[in-house]
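Heads up, the thing below is written out as structure tokens.
Read the numbers this way: they start at 1 and go in the same order the structure lists the ligands and their atoms.
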Amino acid sequence: MTLALPPGFRFSAATSAFQIEGSRDVDGRGRSIWDDFLEAPGAIVDGSTADPACDSYRHPESDVALAAGLGLDRYRFSIQWARIQPEGRGRGNLVALDHYSRVVDLLLDAGVTPFPTLYHWEMPVAVEADGGWLNRDTAARFAEYAALVVERLGDRVSHWYTLNEPAMTTLQGYATGALAPGRQLLFGALPTVHHQLLAHAAAFEALRAGGAQQIGLVNNHTWVLPLHDTDADRAAAHMYDMIHNRVFSEPLLDGMYPDLESLGFPPMPVQADDMARIRASLDFYGINFYNPTTVTSAAPDSPIPFGIVPTPGVPVTGFGAEWPIMPSALRDLLVDLKRRHPQLPPVIIGENGASFPEPATAGRVDDQNRIDYLTGHLAAVAEAIEAGVDVEEYTVWSLLDNWEWADGYTQRFGLVHVDFETGERTPKASYDWYRDLIAQHREEDAR
Ligand code: FCB
């Protein structure tokens with residue numbers, strides 16, 4: 001199938017450090033909030049730890065070879081703050097900086113542009129002990145960390161993601177407690193929105209001062225659908241859209257928070273020139289998209305003013321009804337975002353992909369379901385481009401099967417199968433499909 005993607009469109013695949021690296025106690029690494037979280041009884045469905053995961057810290061060259069084998073333009077990976085600043089402040093840990101420097105060199109030698117993320121959901125426990133994202137000072141500490149990294153890698157890396165999905169950190173890390181740091185503050189988590197966006201802006205400034213050229217943040221977006229066409233369900237959907245999408249996108253794209261007070265929430269802890277800094281902090285806008293969310297009005301005794309329910313009439317991924325498959329939702333949200341924000345910077349899809357039940361032991365996986373999912377979403381991107389949205393890049397989550405946070409090893413998202421007992425990597429059918437798609441696109445570009 002040929003997809004109508006424009007010439008020069010770029011292809012990438014992603015991983016994140018804690019999900020693939022293992023080696024949690026080497027080279028002076030400090031403790032991160034995920035080391036604490038995974039030890040809490042019942043926090044991880046299969047009771048697993050992220051060690052050895054894909055053992056990528058010890059063998060980065062095998063991941064780089066797989067990325068290069070696909071013909072990727074770029075590879076999205078992340079850097080662990082707790083490796084660079086084990087205590088969350090002070091000088092950079094040189095051994096860890098050397099490690100990431102080597103990853104960068106391996107990628108460049110293989111012809112793949114390194115595209116690191118500075119914060120993919122983990123911070124040193126020392127920063128969390130001071131309040132984590134509830135504390136405004138964390139923004140400045142994050143910028144210090146960014147400065148250390150760009151000082152070491154900035155001669156070779158010019159493309160950076162600052163934060164991955166601040167919405168998930170707020171909603172699941174601080175509001176419900178499903179992810180680290182496991183706080184259950186419900187709407188008391190809202191200040192973490194502003195402190196993360198401020199951290200992004202401060203890191204943007206530090207990276208730019210270090211010579212970075214392309215800097216952005218990647219937000220998780222969902223397309224919110226009311227279950228019934230009733231006032232109550234539409235109001236619940238509006239509320240959910242605010243706290244999942246718009247409270248994170250509008251400050252970046254318009255320099256303003258949406259009207260939270262009319263929904264009964266306290267105002268954000270904004271000071272002086274915060275909003276101007278946040279607004280001026282994007283060379284591109286990153287979007288991670290997985291699924292739509294169907295919302296209904298809250299159950300009478302619920303502490304939350306909406307209910308999330310299965311999306312009727314669509315297939316699902318390995319997560320079941322929690323992750324409905326609806327590629328048109330990606331097109332619709334991109335078109336809607338451009339309509340709301342005519343000055344939208346170039347968009348990069350920073351993650352898109354699906355898990356399906358697959359065997360644990362090494363072997364070829366014929367994952368036509370994943371190929372269908374990815375094809376559908378790439379077609380949705382092509383339609384959004386056709387409708388006038390400037391999408392420049394698409395990233396598959398994930399290059400490799402890995403440790404899926406609270407779901408441990410039970411959800412496989414990779415283009416490459418990983419046997420976590422032996423470390424053996426086996427490209428799936430989707431790997432060959434993506435490689436061929438990229439090659440075909442390059443041929444068309446050359447014509
Ligand atoms: C995203 C995360 C990524 C992975 C995928 C499945 O929300 O950024 O680390 O867990 O979901």
*State, without any angle test, whether His159 and Arg74 hold a side-chain donor-acceptor pair at a distance under 3.5 Å.*
yes

*Side-chain H-bond candidate by donor/acceptor type, Asp401 with Tyr409, under 3.5 Å*: no

*Does the side chain to side chain donor-acceptor pair (under 3.5 Å) test come out yes or no for Thr117 and Ser78, once each step is laid out?*
CA-CA 4 Å; Thr117 304; Ser78 80; 5.9 Å; no

*Protein residues near ligand 1, heavy-atom distance below 4.0 Å?*
Gln19, His120, Trp121, Asn164, Glu165, Tyr290, Trp323, Glu351, Trp397, Glu404, Trp405, Phe413

*Could I get the full list of salt bridge (Lys or Arg N to Asp or Glu O under 4.0 Å) partners for Asp233, not counting sequence neighbours?*
none

*Taking the six-membered ring of Tyr100, is NZ or CZ of Arg152 closer than 6.0 Å to its centre and within 45° of its axis?*
no

*asked:* Which label fits Phe319 and Trp323: parallel for a plane angle under 30°, tilted from 30 to 60°, or perpendicular past 60°?
replied: parallel

